[in-house]
Amino acid sequence: MYDSEKREKLIHHFAAMTGGFLGGYAIINHCDIFGNAQTVNMIKMIKELFCGNFSVLPFLLICFLVYVAGNVFSAVSEKVFSVDPKAVSLAVTAAAVVITGLSPAVSNDYLALMPIFFAAPVQWNAFCSAAGYTSSTIFSSNNLRIATTSLTSYIMTKDEALRDKAKFYWATLLFFHIGVALSCFVSLLFSTSGIWFAFIPLFLTAFTYFYKA
């Protein structure tokens, strides 16, 4: 049994594990494409435009628009539906896993990741904070920044609040990369069919979210 703050943190960490799994799955199985974010894809759009490689531009644009659509969906659903965004995200992520798993014949790597490109921003918006800490569950750069600076500041000041902050962010990074490790393992064994194992961290997130002991 967990108090509300510990439970909130655990939900966030399991969501990070889900995000790590989907990010790792995309990179491992689809030519190093990171399905959780758009920074690299937007850079590639500009690069391919300048290099005159126009054949890939439509796919990069589709990825961009699907990711935008995921954000639009998050904003609209929060206003229209009287449902916690976390529950909506869990449903959307589950649907994305099923669609991806049932579409093994999609040969284009960008198109194969469309469900993840849509679900990732929905998760990001829903699981954007926990216990007063703002933290992404779908990528790690800012989590690493805050984990490092908080730990450094704690060592210098011995401020317990900074210690707790550092523990939260390092735990988020740990769970995210446990998800990545799981995706590596199942992808080596089952290739793209390993996507079905995303239901392990997804179930842990959903169980912790819905079970209120």
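Atoms considered below: every heavy atom in the structure, side chains included; atoms not considered: hydrogens, waters and symmetry mates. Everything numeric in this text was worked out from a predicted model, so none of it was measured.
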Report yes if the side chains of [X] and [Y] come closer than 4.5 Å at any heavy-atom pair, otherwise no.
X	Y	answer
Val180	Phe21	no
Phe54	Glu48	no
Met17	Phe176	no
Leu182	Ile178	no
Phe117	Asn41	yes
Tyr209	Asp84	yes
Ile62	Tyr110	no
Ile28	Cys184	yes

Determine, stepwise, if the pair Ser103 / Met114 fulfils side-chain contact (heavy atoms from CB on, under 4.5 Å).
CA-CA 11 Å; Ser103 308; Met114 287 301 106; over 6 Å; no
Qualifying side chain to side chain donor-acceptor pair (under 3.5 Å) pairs with a residue from residues 165-181, counting only residues at least two apart or across chains:
His13-Thr172
Same hydrophobic cluster for [X] and [Y], using side-chain heavy-atom links shorter than 4.5 Å among ILVMFWY?
X	Y	result
Phe81	Val72	yes
Met45	Leu113	yes
Ile200	Val97	yes
Trp124	Val68	yes
Phe50	Leu61	no

[X] to [Y] - nearest heavy-atom pair and separation:
X	Y	result
Ala206	Leu90	CA-CD1, 3.9 Å
Ala131	Lys9	CB-CE, 3.7 Å
Phe14	Leu204	CD1-O, 3.6 Å
Ser153	Leu162	CB-CD1, 3.6 Å
Thr134	Ile146	O-CD1, 4.3 Å
Cys128	His12	C-CE1, 4.5 Å

Quick one: salt bridge (Lys or Arg N to Asp or Glu O under 4.0 Å) partners of Lys86, sequence neighbours excluded?
none
Among Asp109, Ile116, Ile27, find the residue that satisfies the side chain to side chain contact (heavy atoms under 4.5 Å, CB included) test when tested with Ile33.
Asp109
Is it true that, when you exclude Phe185 itself, more than 12 heavy atoms of the residues, nucleotides or ligands shown sit nearer than 6.0 Å to its CZ?
no
Whether the side chain of [X] engages the backbone of [Y] through a donor-acceptor N/O pair (distance < 3.5 Å, no angle test) should be reported.
X	Y	value
Asn36	Gly19	yes
Asp3	Lys6	yes
Asn143	Ser136	yes
Ser191	Ser187	no
Gln123	Ile138	no
Asn53	Leu49	no
Arg163	Lys158	no

Within this structure, what is the [atom1]-[atom2] distance for the pair [X] and [Y], rounded to the nearest 0.5 Å?
X	Y	atom1	atom2	result
Leu111	Cys63	CG	SG	7.5 Å
Asn125	Phe73	CG	CZ	11.0 Å
Asp159	Tyr154	CG	OH	9.0 Å
Thr18	Leu22	OG1	CG	7.0 Å
Phe118	Leu65	CZ	CG	12.5 Å
Leu202	Ser89	CG	OG	8.5 Å

Leu144 and Leu173: CA distance, side-chain angles, deciding distance, side-chain contact (heavy atoms from CB on, under 4.5 Å) verdict:
CA-CA 7 Å; Leu144 179 59; Leu173 288 165; 4.0 Å; yes
Candidate pair Phe127 and Ile11, rule side-chain contact (heavy atoms from CB on, under 4.5 Å), full reasoning:
CA-CA 9 Å; Phe127 295 92; Ile11 292 169; 3.6 Å; yes
Over 60° means perpendicular and under 30° means parallel, so tell me whether Phe190 and Phe197 are parallel, tilted or perpendicular.
parallel
Test Thr100 against Trp196 for side-chain contact (heavy atoms from CB on, under 4.5 Å), laying out the working first.
CA-CA 9 Å; Thr100 303; Trp196 295 108; over 6 Å; no
Is the centre of the Phe199 ring less than 6.0 Å from the centre of the Phe203 ring?
no
Check the side chains of Asn29 and Thr192 for a donor-acceptor pair under 3.5 angstrom, ignoring hydrogens and angles.
no
